[in-house]
Amino acid sequence: MADHQVQNTTASADVPVQQVDQDQLMVAAVTTSTDVVVPPQPDHEDQKQQLDQEAPLKELINIPTTTDHDDDAEKKNFIPDDNLSSSFNEETTRVADLSDNEKKALEELTQLVREALNKHEFSATSLSPPKEEQQQKLPSAPVAVAVISEEKKEVEEKSDSVVTDTTTTTTVVVVEDDGAKTVEAIEETIVAVSAAAKDEKEDASCTPEELLKSEADEKVSIWGIPLLVDERSDVILLKFLRARDFKVKESFSMLKNTIKWRKEFGIEELVDEDLGDDLKKVVFMHGFDKHGHPVCYNVYGEFQNKELYQNAFSDEVKRERFLRWRIQFLERSIRKLDFTPGAISTIVQINDLKNSPGLGKWELRQATKHALQLLQDNYPEFVAKQVFINVPWWYLAVNRMISPFLTQRTRSKFVFAGPSKSAETLFRYIAAEQVPVKYGGLSKDGKIFEATDAVTEITVKPTAKHTVEFPVTEACHLSWEVRVVGWDVKYGAEFVPSSEESYTVIIQKARKVGSSEEAVVCDSFKIGEAGKVVLTIENPTSKKKKLFYRLKTKPISSACQTLCC
């Protein structure tokens, strides 16, 4: 089967735009009715009225939106089954493949991180205050000189070397007859003197063990990857740069905030915490896509279970526990990724909307809104593809209405499929042997076949019969699995010996398999002579059918092993 592979436009200056990290949309989602981004207020009343009319649609479909007016081609409605979703290649994580501007941004961010590590900025209990707090009224020059004089008196009593520096600074202030030495410069001198005295005092009081511990604290790690230790750090920094459109200062601020949040939330302790497995059917990892991305399934319909819902969301304590569980699950999944440049460091999300809770689930809505905000702020660029399956018709309709407001990069990562197209859509990105049985694939716990056993895919034409032959040249046990998506076909199996003197053996008399009878047919046959096993699939319907099958042989000496699937 042919693999289907999976930038960021800038809006016009007169249109309000809020850039968001599109990859984090549904990483922890368990419903589809969450506000993720509130667009900035427009300047004109007519624009405001238009955005107010669109707001309910954005909320229903749960997509952070940006306004895109650069290219008319990007305004076409997104069709769930077209090729747009597979036309966008995932960005490179190899530094050599970056553009010159991207390389420069990465170098600048790396330098900022190095300086922050040297200055112990990441170990601080709080981040730098906002610019508004920094821009306070500065004191007048006479006040600053008075402060210096006080500093001079205090420092003279402690250190002759510090006295020399302070005296020099004071002399400069006095001698300047044009007042050229600014208040800012004076304040810097004060800070330098104060810091020198403080550092001298601290160094004298700290033991060697404490100093070593202080140095160790600056070896900052994120998702198990130490910053600036090896090339994997470049992959981490690129995620933050892409989340902020390669704006270095904004990327650095996001990184600092993420590190701070991880410390406050206790991520390292949370990873090893036992939070139970009550929600293992809601969110779980299963298999890989055709490019090697691990696949995460989000099954919203599980919350129709009232007991499960109450245990997860009935009060604030339980909602907080759900949030911690979801973040723990994501952390554990991310730490299994390979951050080596060129390797797989993103995840494919499958979001099953079948029987998903309605818009009235306030508790679920609040919990998800909180989770999405945290994940959007602290887990950038971890989703390679978002595939929504079993999508109701109204959801598809709303998506078509808002798709013109999404950038091509965003649309390329989102795929929507209704119930009748869900299995077919999954097979575009994930091989059948990797797709769980409940979603149309062949992946399940069994004693014969494993996820590494390849599956053959065939399209059976309408009102046509298709046969599959397995030649056998020696005595063995032959086992096979067969599945037709949607079934409603006739299936039969027989063994045809090569010798004309032998008789054909009917293994399975032709019978109709309904759409809800069997997910996968497992059969086996003990063969004692050369011949072939022939499977017959007859499609009496007017629709094409997808046939999947695989087989495995075992020597007769293994006859004691269980052959049932």
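Computed from heavy atoms alone, side chains included, the values below leave out hydrogens, waters and symmetry copies. For the single chain, residues carry numbers from 1 onward in sequence order.
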- Query: Is there a donor-acceptor contact under 3.5 Å from the side chain of Thr368 to the main chain of Arg365?
  - Reply: no
- Message: Run Val415 and Lys385 through side-chain contact (heavy atoms from CB on, under 4.5 Å) and show every step you take.
- Response: CA-CA 8 Å; Val415 179; Lys385 203 75 173 176; 3.6 Å; yes
- Ignoring hydrogens and angles, state whether a donor on the side chain of Asn351 or Gln386 is under 3.5 Å from an acceptor on the partner side chain. yes
- Message: Classify the ring geometry of Phe414 against Phe388: parallel below 30°, tilted from 30° to 60°, perpendicular beyond 60°.
- Response: parallel
- Message: Looking only at side-chain N and O atoms, does Glu538 offer a donor or acceptor that is under 3.5 Å from a partner on His466?
- Response: no
- So Phe470 and Tyr549, would you call those rings parallel, tilted or perpendicular, with 30° and 60° as cut-offs? tilted
- Message: Under 3.5 Å, is there a donor on one side chain and an acceptor on the other for Glu529 and Ser498?
- Response: no
- Query: Which heavy atom of Asp352 sits nearest a heavy atom of Lys354, and at what distance?
  - Reply: OD1-N, 3.1 Å
- Query: Hey, what's the ring geometry for His286 with Tyr297, parallel, tilted or perpendicular (30° and 60° as the breaks)?
  - Reply: perpendicular
- Message: If we ignore hydrogens and angles and just use 3.5 Å, is the side chain of Glu381 paired with the main-chain N or O of Leu238 as donor and acceptor?
- Response: no
- For the residue pair Arg335 and Ile225, establish whether any side-chain heavy-atom pair is separated by less than 4.5 Å. no
- Using the ring of each side chain (for Trp, its six-membered ring), is Phe382 parallel, tilted or perpendicular to Trp223, with breaks at 30° and 60°? perpendicular
- Query: Strictly by modelled atom types, are Ser314 and Lys318 linked by a side-chain donor-acceptor pair under 3.5 Å?
  - Reply: yes
- Message: I'd like to know if the side chain of Ser422 and the backbone of Asn390 have a donor-acceptor N/O pair within less than 3.5 Å.
- Response: yes
- Checking Lys361 against Phe303: charged group under 6.0 Å from the ring centre and within 45 degrees of the axis? no
- Query: Between Asn298 and Gln349, does any side-chain donor sit less than 3.5 Å from a side-chain acceptor?
  - Reply: yes
- Item | Sidechain-backbone polar pair: Arg262 side chain, Ser221 backbone, donor-acceptor under 3.5 Å | no
- Message: Main chain of Tyr491, side chain of Arg511: is a donor-acceptor contact present, judged purely on distance under 3.5 Å?
- Response: no
- Query: Near Lys490 NZ, under 6.0 Å, is it more than 12 heavy atoms from other residues, nucleotides or ligands?
  - Reply: no
